[in-house]
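Data block below; observations after.
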There are 2 protein chains.
Amino acid sequence: MATGRTHRPATRSRGIPEATVARLPLYLRALTALSERSVPTVSSEELATAAGVNSAKLRKDFSYLGSYGTRGVGYDVEYLVYQISRELGLTQDWPVAIVGIGNLGAALANYGGFASRGFRVAALIDADPAMAGTPVAGIAVQHTDDLDRIISENGVSIGVITTPPGAAQQVCDRLVAAGVTSILNFAPTVLSVPEGVDVRKVDLSIELQILAFHEQRKAGEDTTAEDEGAPPMRATPTGRKGPDGDMPAVMPA
Amino acid sequence: MATGRTHRPATRSRGIPEATVARLPLYLRALTALSERSVPTVSSEELATAAGVNSAKLRKDFSYLGSYGTRGVGYDVEYLVYQISRELGLTQDWPVAIVGIGNLGAALANYGGFASRGFRVAALIDADPAMAGTPVAGIAVQHTDDLDRIISENGVSIGVITTPPGAAQQVCDRLVAAGVTSILNFAPTVLSVPEGVDVRKVDLSIELQILAFHEQRKAGEDTTAEDEGAPPMRATPTGRKGPDGDMPAVMPA
DNA sequence: ATGTCTTTGTGAACGCGTGCACAAAGATTG
DNA sequence: CAATCTTTGTGCACGCGTTCACAAAGACAT
């Protein structure tokens with residue numbers, strides 16, 4: 001098991017707050033839409049509405065990038081698109097490797113949004129020997145044994161993990177050893193990585209559970225004093241509780 | 001276009017902070033793993049490590065749920081699994097409808113993590129008439145025309161949108177009109193929903209762009225005074241700029 | 001019973017992110 | 001050139017979330 005940090009201490013990267021960085025892609029998307037409609041300039045108010053944020057927040061976000069606006073007029077759309085793209089590093093090509101070509105991995109390989117903004121699916125990797133050579137989204141799947149070579153040859157620095165949870169940490173370790181320094185993890189696992197490696201996770205199950213919480217809360221608001229449901233007898237603090245748990249089996253897996 | 005709030009003002013739901021709610025599924029997952037290994041009790045330190053968080057944060061999170069630990073011993077695993085499950089509303093069944101059965105939608109329908117924790121894929125909906133009746137993950141795809149009826153009959157309150165961006169808002173409006181109050185949006189679009197409806201978004205493109213930012217930053221750290229790249233001539237503040245933009249076309253779409 | 005040892009639960013301080021509100025800047029008009 | 005109007009950029013205050021550090025609580029040994 002790899003030992004290392006799991007959380008980056010929110011390093012204020014080059015003075016730009018993490019929260020701002022997370023919103024830049026949102027602004028960029030809205031700006032791109034305006035650009036396609038040949039809109040020359042946009043005010044912070046309009047752009048904020050399009051991006052679904054507060055206009056003051058948007059202005060403060062942009063202020064971290066520099067003074068790119070013109071008072072009394074607004075922001076030059078094309079210019080801003082370029083500045084944000086550059087800031088995000090989207091002016092260069094980012095070869096990406098997807099490891100774990102199951103349903104989700106294949107879907108991502110086919111996903112148009114991937115290739116659209118400078119990201120290029122450079123390799124598909126799977127542990128199943130039977131899949132090797134099979135073309136998915138026009139790219140031949142390669143075997144895990146060659147992972148190291150594939151990463152090096154293609155200069156991949158961003159890896160996407162769509163393996164089953166049991167394989168995720170191992171794949172992660174191998175990716176990192178091969179030189180990958182950014183990982184997008186779709187497996188429901190807490191990845192442990194060494195310092196300097198960034199990990200972002202996308203967890204469908206967690207998102208649903210958060211929604212369920214609010215949903216339950218909304219439903220419970222009607223009943224004034226909702227029935228809390230008889231809590232199951234708590235295991236006696238001392239008596240360790242029998243081996244065959246008589247606790248209600250809530251969740252199998 | 002629907003008019004309404006886009007952001008919930010972080011309503012401190014029943015006293016449990018939003019940040020804590022977002023971590024509960026993480027704890028639950030770690031606890032479930034311990035439960036399967038028949039571990040009777042766990043300390044905040046151990047559990048925190050497994051979940052990848054600070055132990056003080058974990059204790060404070062649990063303190064919002066009540067005093068479920070035993071000092072000097074730790075937490076009873078089974079009991080805590082039940083309490084968190086109940087708090088998240090996972091003791092009940094949540095029928096989910098997926099709208100937009102393309103690559104991603106089909107992958108989600110097949111995704112095991114969905115069904116595992118009380119969530120059940122109750123319906124698959126697509127706008128393509130040719131898909132109607134086709135079984136995906138053992139469920140027949142139904143046509144968008146029947147959306148309203150499908151939602152009502154199955155008592156769906158959580159909807160998942162995996163349509164192309166252009167259709168997302170319209171689908172969202174229809175889902176909300178049919179009674180859905182929680183939406184998980186995979187389309188790269190800012191959804192506008194009325195008060196009382198929760199929206200969570202999963203955006204692959206945004207995640208990659210955030211990684212690219214940090215990746216670029218890491219790469220740029222080596223070169224002491226990195227070349228900022230000649231900024232393209234800024235559009236003259238007054239002269240509105242020609243219709244055929246001579247700005248470098250950074251991002252096509 | 002008394003003491004020791006472990007671990008929880010939480011008060012308090014700190015830092016980040018958000019939003020208000022306004023002065024400064026520039027465009028535009030007469 | 002002066003006046004007016006629009007919109008940016010930001011100082012400031014507030015609230016949430018995180019983390020430290022420790023007192024209180026209970027288990028366990030003697």
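Numbered from 1 within each chain, the chains take letters A, B, ... in sequence-line order.
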Handout entry: Protein-nucleotide distance (B/Tyr64, atom OH; C/dT8, atom P), rounded to Å
Key = 17 Å
Handout entry: Side-chain donor-acceptor contact under 3.5 Å, B/Thr189 with B/Gln169
Key = no
Problem - For atom OH of B/Tyr68 and atom P of D/dA25, their distance in whole Å - result: 20 Å
Practice task
State plainly whether the residues B/Arg29 and A/Asp203 are in salt-bridge range, i.e. N to O under 4.0 Å.
Solution key: yes
Exercise for the section: Would you mind reading off the distance between A/Glu18 atom CD and D/dT18 atom P, rounded to a whole angstrom? Expected result: 14 Å
Practice task
Taking only the side-chain nitrogens and oxygens of B/Asn54, find out if one of them lies under 4.0 Å from OP1 or OP2 of D/dG17.
Solution key: no
Practice task
Could you grab the distance from atom OH of B/Tyr68 to atom CZ of B/Phe62, nearest 0.5 Å is fine?
Solution key: 11.0 Å
Practice task
For B/Tyr75, answer base if it contacts any base atom (sugar-phosphate contacts may also be present), sugar-phosphate if it contacts only those atoms, and nothing otherwise; contact means non-hydrogen atoms under 4.0 Å.
Solution key: sugar-phosphate
Exercise for the section: Send over the distance from A/Phe62 CZ to C/dT18 P, rounded to a whole Å. Expected result: 14 Å
Handout entry: Integer-rounded Å distance: C/dT6 P and B/Glu46 CD
Key = 14 Å
Practice task
Look at B/Arg23 and D/dT18 and indicate whether a side-chain polar atom (N or O) is within less than 4.0 Å of OP1 or OP2.
Solution key: yes
Practice task
Please tell me which of A/Ser63 and A/Gly72 maps to the more 5' nucleotide of DNA chain D, matching each residue to the nucleotide holding its nearest heavy atom.
Solution key: A/Gly72
Exercise for the section: Could you check A/Asp61 against B/Gly66 and say which one's nearest nucleotide on DNA chain C is further toward the 5' end? Expected result: B/Gly66
Handout entry: Side-chain N,O (B/Ser44) to OP1/OP2 (C/dT8) below 4.0 Å
Key = yes
Problem - Side-chain donor-acceptor contact under 3.5 Å, A/Glu46 with A/Thr49 - result: no
Handout entry: Distance, rounded to the nearest Å, where B/Glu45 contributes CD and C/dG9 contributes C1'
Key = 15 Å
Handout entry: Side-chain donor/acceptor of A/Lys60 to base of C/dG19, under 3.5 Å
Key = yes
Handout entry: d(NZ, B/Lys57; C1', C/dA13) in whole Å
Key = 17 Å
Exercise for the section: Spell out yes or no: do the side chain of A/Arg71 and the base of D/dT8 have one donor N/O and one acceptor N/O closer than 3.5 Å? Expected result: yes
Handout entry: Distance in angstrom units between B/Leu65 CG and C/dG9 C1', rounded
Key = 13 Å
Practice task
Please check if atom CD in B/Gln92 has more than 12 non-hydrogen atoms from other residues, nucleotides or ligands closer than 6.0 Å.
Solution key: yes
